[in-house]
Amino acid sequence: MESIFRYRNPDTAGASGGPLQGVNIAIQPNVSVEGWPTDAGSKALVNFTALEDATIIRRLREAGTAVCGSTRMSEFGFGLDGSRAGEALKENAADVEMVLDLMGESRLAASRASVCGFKPSYGLVSSLGLIGLIPSMECWGLLSADIDRIRRVLDTISGPDPLDFSLPDEPAPDFSARGIKPENTSIGVISEAVSGLSSDSKNAFQASVDELKQAGFSVRELSLPDMALFSLVHNIVGSVEASSCAGRYDSVRYGRRAPGARNWNEMYLLSRGAAFGTLVKSYLFQGAYFQFERYAAYEDACRIRARLVADMRKLFDKADFLIFPAAVGGRFGQAASLAATYEQFAATLFANVTGQPALYLPPAPGSKAAGFQLAGPRRSDARVLALGEYLLNLRQEGNV
Amino acid sequence: MEFEAVIGLEIHVELNCATKLFCDCPNRPGDEPNLNTCPTCLWYPGAVPRLSRDALEKASLLCLGLGAELQPVSAFDQKVYYYPDLPKGFQLSQAHCPLSRGGGIDIMDETGKPKRLRIHHIHMEEDVARLVHEMEGRLPISLVDFNRAGAPLVEIVTEPDFRSPHDAMEFLKALRTQVRYVGSSECSMENGTMRVDANISIRPRGTDQMNTKVEVKNMNSIRHVGDAIAFEIGRQSAAVKAGEAVVLHTRLWDPDKKATFMMRAKFEGPCVPDPKVPVIELTAEYIEAMRSRLPEMPAARAERFIAQHGLTGEEAVFLSSDPEVAVYFEALIAEGVAPRTAMHWLTTQLIPAIRERGQKPGDTPVTPARFAGLLKMMSKDEINANAAREVMAHLFESDESPEAIVAARGFAQVSDSAELDSLIDKVLEDQPDAVAKVRAGQNKALGFLMGQVMQASGGKANPKIVRELLAKKLGTN
């Protein structure tokens, strides 16, 4: 069977004495590491080797981690088709995996591997060296069985980067552990996020909600009437951004130039036609359609996105955290079309639209509950992780 | 039917920043090809743009210098097109929210009446790579030089207020002067630091309809802009009279054939906001700080020269059109040179001499102090104008003071009457015909005799005293 690794690092030694010494991290080939093949899973980047290290790679090495290699990924990390994310953890080949999260990939990969998966707040981690597809939605997610490891890695890689001006002008967040007290912590359930579930999934989700109640949290039912628009907004804005930003993947300087072109226009058409896979190609086509034929619809989607962000923020006046199911519909391995892909990620992509942090927690072994997501307002990453850790500890103590 | 033209200009100005717009690579497009490149300006995957503060400031100064209103919020967009000069498939440009809106330039129209030509907006954008087309044996090849990729540009987009080639040329001359004043660019069309596209349409005179425009590019001097507009007005008028439709397209000006030629159908799609370049928010303090850095602008300076130094309007405009010349002029006055002497010697002697040597008023070895020394010796009658011109030439060659040059090379004026007396007597003796003519009242001959005396003195005689002595000897006064 094909290796889960796209590239294995022959020299895994990090700086000695660092706070993350002994932590073994697997990345994806969309993180720039000087000299490593960084094709982001696409033929459009065949033969491309990064010229400089991503800021996060420099920080990880300085902290003493061993970056053991990059795992096979879907094209540009879009969807999980062809991705082996999560398998390095299952095989004990890594302690933490870094997986690009454009619409929920890191959280669903965690669900597939029965580990925790965390998508941080947008703008928390430097994007220098990120080879992606949807700049305003994507960021690196972290997978591990151990939430404390996720927290320590995030503490290492987050914070202002003088080389990435796109980070908001905010101080580095404080990741020191904070106690969670269930008696004064409320968790909201958005009824519209649950209404689309099958009755089996509904029951499993209800079991997760019951776990929170048993732990002493107050659970509140909340409403976000336009919940269904998240998918539409992500689809339109994401595809337009992808189509415009993927213009650089023209197979001229790297990638494979298609033979037989009579002029450079034909060279672009033939090379780009041969470079992209079906799913990404249809996404780029859709984006170009909205940009050039339906620009007003794109502008509407941007406005609706701003409203959704505001609506979501208001929910945190009523609850400290939100709980979401991890999957609504769709199954792995069947997401060859855009519609099927969006169905598969319908429960997770809200956090990419809003930029808020979201943590996937696997179900307790043997429980009839399903895995679920916990979300907080933007930059509440430390608290979301603390809540997840609190629940895992309760399970270990056998209290739920 | 009589037609009038409706013309708007799009002017790209390359800012003279030390670095490119989004990275720290040197902004020196003329270096050895592809020397000044990095992952950001090659637009490699994973690279992020970092907006240069210097470029933002130079662009802000340029906007303020043209009377434009800096916008509190502006942002970069992705302008999508596929061409080998743009390897990332989009150009970063401010399509939706430009850096400034409004502004304009006052010119005189053909009839001498003042006319305001308005600016619609000014935005920042990055330059693209330079393509070089060559033959490798019999195979045509295209080479790409990324030194220019990512260079900082501003684009000045005017309102369609222009009606003639004259309007366009006057606007461009004034624009160039004002941008040089604020120090943001050299604005040389010849060197490509100012590039002009003209959008031209025609309509029946007296109507206010807006017809399909044609864009003309590739003019590399202000004169060519005028020529291309004049040609295009003629071409479109003839086409409309012949019943042909004008379609939206781009034409290239061919300076040899003096005509425009069809280049391509124009394609423009809407631009998508760039998710990685932060939105630019200018605070009131920033805008005020920029405003306080603005120098005195040419129109204000010319008015002051008229009021303060008694220059004519034409003289004042000439001296204030180049900031280095204006500064030089005022330095001479500060050294104690009379304004009219300074103006006259600067415009007729020193500036041509400086240009001839490929220097600039700001960096010539003939500093205002040295040149003022020379002019003051002349006004004290220590040397005459002929000698002053020669001493000026020596000032370029050596770093001696003008006084030392005069002393060492014997340029001192001869004002000694006894010495001049004998010179004049000798000339009068040698030129009896001229003497006879002067006595018969022909003043031209007096000038001839003056010239002979000056020549005999080796150019050093004081012409005032020579004239007096000659008059006395010939009894002409």
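Only a predicted model underlies this, so the values are computations on that prediction, with no experimental measurement involved. In what follows, chains carry the letters A, B, and so on, assigned in the order in which the sequence lines appear, proteins first and then strands, with residues in each chain numbered from 1.
Interface remark: B/Cys271 contributes backbone atoms only to the contact with chain A (heavy atom separation under 4.5 Å). For B/Pro278, the part sitting under 4.5 Å from any heavy atom of chain A is the side chain, from C-beta outward, and nothing else. Proximity to chain B is limited to the side chain of A/Tyr122, based on heavy atoms less than 4.5 angstrom apart. For A/Leu51, the part lying near chain B is the side chain, with the backbone staying farther off; criterion is any non-hydrogen pair under 4.5 Å. Contacts of B/Val272 with chain A are made by both backbone and side-chain atoms, with heavy-atom separations under 4.5 Å. If you measure heavy-atom distances from A/Ser126 to chain B, you find no contacts under 4.5 Å at all.
A side-chain N or O of B/Lys276 and one of A/Ser127 form a donor-acceptor pair less than 3.5 Å apart.
Among all heavy-atom pairs drawn from A/Phe165 and B/Leu51, the shortest one is CE2-O, 3.5 Å. Pairing each heavy atom of B/Gly46 with each of A/Ile131, the nearest pair is N-CG1, 3.8 Å. Taking both residues in full, the closest heavy atoms of B/Pro273 and A/Tyr295 are given as CD-OH, 4.0 Å, listed atom of the first, atom of the second, then distance. Closest approach of A/Leu45 to B/Pro45, counting heavy atoms only: CD2-CG, 3.5 Å.
The greatest number of non-hydrogen atom pairs below 4.5 Å with chain A, out of B/Leu86, B/Val279, B/Val48, B/Asp274, is found for B/Val48. If you tally non-hydrogen atom pairs under 4.5 Å between each of B/Gly89, B/Pro84, B/Ala47 and chain A, the highest count goes to B/Pro84.
For the pair A/Arg253/B/Pro87, no side-chain contact is recorded, criterion being any heavy-atom separation below 4.5 Å from C-beta on.
Looking at B/Arg50, its side chain does come within 3.5 Å of a backbone N or O of A/Leu163 through a donor-acceptor pair. Between the A/Glu52 side chain and the B/Pro39 main chain, no donor and acceptor come within less than 3.5 Å of each other.
Expressed to the nearest 0.5 Å, how far SG of A/Cys245 lies from NZ of B/Lys88 amounts to 10.5 Å. For the atom pair CZ of A/Arg248 and OH of B/Tyr44, the computed distance is 12.0 Å after rounding to the nearest 0.5 Å.
Other residues, nucleotides and ligands contribute at most 12 non-hydrogen atoms within 6.0 Å of the CG atom of A/Asp169. Atom NZ of A/Lys43 has 12 or fewer neighbouring heavy atoms from other residues, nucleotides or ligands inside a 6.0 Å radius. Counting non-hydrogen atoms of neighbouring residues, nucleotides and ligands closer than 6.0 angstrom, the CZ atom of A/Phe285 reaches no more than 12 such neighbours.
Residues B/Tyr82 and A/Trp264 keep their aromatic ring centres 6.0 Å or farther apart.
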